[in-house]
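So that the names make sense, note that chain A is the first sequence line, chain B the second, and so on, each numbered from 1. What you see is a predicted model; the values in this text were computed from it and never measured.
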Amino acid sequence: MTDETKTPDKFTIINELARRRGFFWQSYEIYGGASGFVTYGSLGARLKQNIEKKLRELFVNKLGILEIDSPIIAPSKVFEASGHVDHFKELMVECLKCKRQFRADNLLREFAKIGESEAEKLSLKEVKEAIEKHEIRCPECGGTFGEPKYFLIMFKTTIGPYSDAVGYGRPEAAQGIFVEFRHLYEMAREKLPFGVIQIGHALRNEISPRQGLIRWREFTIADLEFFFDPEEPNCYLLKDFENETLPLVLAENKLRGSEEIVKVTVKEALTKGYIKAEWQAVFMALAKKLLVDFGVPAEKQRFIEKLPWEKAHYAVQSFDQEICVERWGWFEVSGHAYRTDYDLKRHMQFSGVDMRVFKEYEKPVERKRTVVKPLMAKLGPVFKEDAANVAEMLSEADPEEVEASIKKNGYYMLGKCKVLPEYIEIACQKVKERGRKFVPHVVEPSFGSDRLVYVTLEYAYRVKDGRAILSFPRDVAPIQVGVYPLVSKNGLPERTLQIHKTLLDEGFMAEYDEAGSIGRRYARADEIGVPLGITVDYDTLKDNTVTVRDRDSWKQVRSRVEELPQLLRKYFRWKADFEDLGKPFKG
RNA sequence: GCGGCCGUAGUCUAGUUUGGUUUAGGACAUCAGCCUGCCACGCUGACGACCCGGGUUCAAAUCCCGGCGGCCGCACCA
C-alpha cells in the first residue's frame, strides 16, 4: 500500500500515455477543464472506431441486427413515458450542520425501517415528514436535515425559443429505438425476433464524475434492443453457445454476502433458472467472446446480477459484465437487462399508438365467444332517444360481466340504465382467430464504448525491456503498419515513401516515419500499438524485399514488396500469422 | 456537494518555508540540422510553463480571498 505513490497504477499510466500520445484527454482544458467530458485524439478516435467496428461486425453483419442513428435530444414526453423523469433522479437531503449529503431513501430504509420500494415512492413532502416523524438525524454528526431536494440526472433543455417545450438529453440510446418501434418492425419485415442497435452519445449529469475515465457526463453507449415473442422465447443461436461458460455472481449469493463466481454453461444457467431469458444468456456469451477479442481473458471477466433495489426501473433481471482492472477491481463494461415489454407498453400508454405486433397462428383457432346483442325492438320503446347510446355502451361492455350480472341479479346496470334480460340476446358465437396481438419482450445488452476503449488499453499495456508496448489485438490497432527507411539517406526515404503510398492505396492504415534512429522509431510505434513495422534497407533497392517486424516478439521476417498487400490483408483478417509473412530474418 | 491535500512547458521536476538575487533552472519528449546498416546512441540549435480572477505590496510563482481543475476520504453512481 505504501508503495502506491511510488509505482503508479495502470490507470494512471494509461491516462498519461493516452494524453501524451493523443488517445484522449480532458476536454476544455484552455478554460480550466470541465469534469466528465473527454476528447479523443486521432489515435483514440480510431481505436474507438475500430472497437465499434467489431461490435458492428458481430451484431450488425453476422447477426443481422438493424442499426439506427436517432437524435440525442428528445421531447420530455419520451422520458416521461420511459420512466426516467420519475426514476432517473435522486432525492437528497443535506445535513445542516456538517453539510454532508445523503440519499433520502437510504436514510429512511435504515432508520425508519421503510421498505425499499416504499421509500422510492415517497414524495418530497412525505420524505420530509417521515424524517421528522422518525427524528432521523445525520448519522455522521447528529445534525438535523434541511429540505429534501431532487437531483435529476438527465440534462434538461428547451426545444426551440419557447421555454415550455422541455426536452432532455438522452441518458441511454435505447429510447430512440423504442419510440421508432413501428417503423423498425416494418423494416424487419414484421417478423420476430429481431434486434436493433444504436451506437451514439448519451448524457448523464453525474453528481460527481471523478476518476477521469469511468464516469463521464457525455459518453458513447451501444444499446442493443432485441425483440421477441414472450411465448416463443427460445433462441435459435442457443445450440451454438450452450456450452460456453459464463462466470456468474448471483443475486442470491450476494444477499448472503458472497461474491462467489459460479461457473456454468449457458445451458446450465438457463435450466437452473439463473438467467431468465435464453436470448439474454446468449448475448452474455457473445459479450464475453467480444471482450476476449479485445484482449481480456475469460478469467478476468464476470457477470454480476443486480439486486432488486439496484436494478433499473424497467428490468426484471439484470447482469453487469465486469472486467477486472487494476485500479478499481471489477469494472462494468456492459449491462444485460431483461426489460420485458415495459418500454413498449409505456410508450403505448403515453402516445396512444398501438405497439402490439400481430402473429398469425399456423392454423386459425376457433374460439367461442359470448356476445351481447342489443334488441333494438325492445330498447327503442323503453329508452327512447337514449336507445342508440345504450346499445353502443352495451356492445362495449364486457359480455361475461353482463351475463354474470343478469344471472345473479336478473338485470345489468349500465350507468343509470337498468338493462333487463329481455332487452338483449346473449349469444355464444364461434369466432375464428387467425393470430394474436401482443407486445414483444426485450432483452438489452448495452455496452459502454468508452469503457471498452479503456479495458482494451489496459489489457494491451505491457512493458518489455523497460519499454511500454500496447499489444492491441491486430484488428483494433489504430495504426496497422509503420513504414521506415533504415537510415534517412542514399535514396532509402524515397523508396520507402513509394511503399508507404502503395500501402495507403491498398487501404491500410500506414504511417511513415524517418525521424531519429530506427530503434527509436520501433519504440515509438510499439508504444502506440502498431502491430507491424516495415523497414526498407539497401537490399530493398537491389532485390525489392523488406523486413517486417512484429511488435510483440520483435522478430523480423523478410518479404517481397509486391506480396505485401495480400500478405498484410490476410494477417489483419487473422488468416495468417506473423511467421507466414516471410522468411525469418536477423537484422 | 462537504472535508483534507495539491496545481511551474506535452511529461517529471528546481524555486514557494523567509516576496526582490530568475531574462523562472534542469531532465525527458517534440521539431530542425548533423550523425545513424535493425531496437529509445551522440552532437548543435529551436519551441515551450508559474491554473484563472481579484487583493495585499514599491515589488507576488512565492502571502491572502474567490473560482476552476486534480488526488484521497465521505456521499453519489436509475
Side-chain angles (χ1 to χ4, degrees), chain A residues 4-5 8 11-13 15-22 25-37 41 79 82-95 97-103 105-107 120 138-141 149 151-154 171-172 204-212 214-217 306 309-315 318 320 332 335 337 464-469 484-490 492 514-527 533-540 546-551 554-556 558 585-587:
Chain A
E4 259 181 50
T5 43
F11 175 76
T12 308
I13 294 169
N15 268 299
E16 276 170 8
L17 195 154
R19 189 184 160 75
R20 187 157 42 84
R21 303 310 304 268
W25 55 83
Q26 189 185 37
S27 305
Y28 311 120
E29 270 173 359
I30 62 164
Y31 292 109
S35 217
F37 298 95
F79 292 110
S82 71
H84 284 88
V85 170
D86 286 335
H87 294 98
F88 206 61
K89 64 185 179 188
E90 287 303 332
L91 193 46
M92 317 264 292
V93 286
E94 190 181 81
C95 170
K97 197 171 149 200
C98 70
K99 304 287 178 195
R100 281 191 175 84
Q101 302 239 349
F102 299 89
R103 263 176 71 169
D105 57 340
N106 284 349
L107 289 176
E120 279 191 359
C138 172
E140 292 296 324
C141 75
K149 275 183 291 189
F151 180 76
L152 185 67
I153 311 218
M154 282 192 292
E172 57 169 16
R204 296 184 186 182
N205 202 1
E206 298 285 355
I207 295 168
S208 170
R210 298 253 203 91
Q211 299 164 325
I214 59 160
R215 285 178 64 217
W216 293 354
R217 291 189 163 118
K306 295 230 165 178
W309 55 86
E310 294 172 335
K311 274 184 323 202
H313 59 276
Y314 48 69
S318 235
D320 280 350
E332 179 188 349
K464 182 169 177 172
D465 294 359
R467 282 165 34 172
I469 301 179
Y484 320 110
L486 184 60
V487 292
S488 38
K489 61 179 184 186
N490 300 335
L492 291 187
E514 62 159 69
S517 72
I518 188 66
R520 185 185 203 78
R521 285 173 264 159
Y522 289 153
R524 284 163 46 87
D526 288 346
E527 200 184 21
I534 288 170
T535 304
V536 170
D537 55 23
Y538 291 112
D539 288 340
T540 310
V546 289
T547 63
V548 182
R549 170 187 178 272
D550 177 48
R551 172 196 65 201
W554 298 356
K555 283 183 185 154
Q556 286 180 290
R558 192 136 198 125
F585 173 81
K586 203 146 167 50

Want to settle it: does A/Arg19 or A/His313 sit nearer the 5' end of RNA chain B, counting the closest nucleotide to each?
A/Arg19
In whole angstrom, give me the gap between the P atoms of B/G4 and B/C50.
28 Å
May I ask you to evaluate whether A/Gln26 reaches the phosphate of B/G69, defined as a side-chain N or O under 4.0 Å from OP1 or OP2?
no
B/G20 to B/U36 separation - C1' atoms, rounded to the nearest Å
49 Å
Under 4.0 Å protein heavy-atom contacts per nucleotide of nucleotides 30-42 of chain B, with B for base, S for backbone only and - for none
S-----BBBBBS-
Specify the separation, in whole Å, of atom CZ of A/Arg204 and atom P of B/C76.
18 Å
What is the distance, rounded to the nearest whole Å, between atom CD of A/Glu310 and atom P of B/C76?
13 Å
Walk me through whether A/Val487 and A/Leu492 qualify under side-chain contact (heavy atoms from CB on, under 4.5 Å).
CA-CA 7 Å; A/Val487 292; A/Leu492 291 187; 3.7 Å; yes
Base-pairing assignment for B/U16 (Watson-Crick or G-U wobble, both under 3.5 Å)
none
Residue matched to B/U21 through Watson-Crick or wobble contacts both under 3.5 angstrom:
none
When you compare B/A29 with B/G48, how far apart are their C1' atoms, in angstrom units rounded to a whole number?
11 Å
Taking B/C6 as the reference, what is the distance to B/U62 when you measure between their P atoms (whole Å, please)?
15 Å
d(A/Arg20 CZ, A/Trp25 CH2) to nearest 0.5 Å is 14.0 Å
Here the distance between atom P of B/C77 and atom NZ of A/Lys311, to the nearest Å, is 17 Å
Partners meeting side-chain hydrogen bond (donor to acceptor under 3.5 Å, both in side chains) with A/Tyr538 (sequence neighbours left out)
A/Asn490
With rounding to whole Å, what would you report as the distance between B/A14 and B/A75 at their C1' atoms?
39 Å
Inter-nucleotide P distance (B/U30, B/C41), Å rounded:
10 Å
For nucleotides 45-53 of chain B, list the nitrogen or oxygen atoms of the protein found under 3.5 Å from its nitrogen or oxygen atoms, one pair per line.
none

Taking NE2 from A/His84 and P from B/C77, how many angstroms apart are they, rounded to a whole number?
15 Å
For the student: nearest non-hydrogen atoms of A/Pro171 and A/His84, plus distance
CG-CD2, 3.8 Å
Taking pairing as Watson-Crick or G-U wobble with both contacts under 3.5 Å, can you name the mate of B/C41, or confirm there isn't one?
none
Are A/Val85 and A/Met154 packed together at the side-chain level, in the sense that at least one heavy-atom pair is separated by less than 4.5 angstrom?
yes
Just name whichever nucleotide pairs with B/G1, Watson-Crick or G-U, keeping both distances under 3.5 Å, else none.
B/C74
Among residues at least two apart in sequence or on other chains, which ones pass salt bridge (charged side-chain N to carboxylate O under 4.0 Å, His left out) with A/Lys306?
A/Asp320
Could you pull out all residues at least two apart from A/Ala337 that satisfy side-chain contact (heavy atoms from CB on, under 4.5 Å)?
A/Tyr314, A/Ala315, A/Ser318, A/Arg339, A/Glu444
A/Asn15 and A/Thr12 side chains, donor-acceptor separation under 3.5 Å:
no
Could you pull out all residues at least two apart from A/Arg549 that satisfy salt bridge (charged side-chain N to carboxylate O under 4.0 Å, His left out)?
A/Asp526
If you round to the nearest 0.5 Å, how far is OH of A/Tyr522 from OH of A/Tyr484?
7.5 Å
B/G25 and B/G15, which share atom name C1', separated by this distance in whole Å
8 Å
With a sphere of 6.0 Å drawn around OH of A/Tyr28, does it hold more than 12 non-hydrogen atoms of other residues, nucleotides or ligands?
no
Spacing of the P atoms in B/U13 and B/A60 (rounded, Å)
27 Å
Can you measure A/Arg20 atom CZ to B/A9 atom P for me and round it to whole angstrom units?
16 Å
Check every strand shown and say whether A/Tyr484 touches a base, only sugar-phosphate, or nothing at a heavy-atom separation below 4.0 Å.
nothing
What does B/A59 pair with, Watson-Crick or G-U, if both distances are under 3.5 Å?
none
Separation of B/G1 atom C1' from A/Ile153 atom CD1, nearest Å, is 13 Å
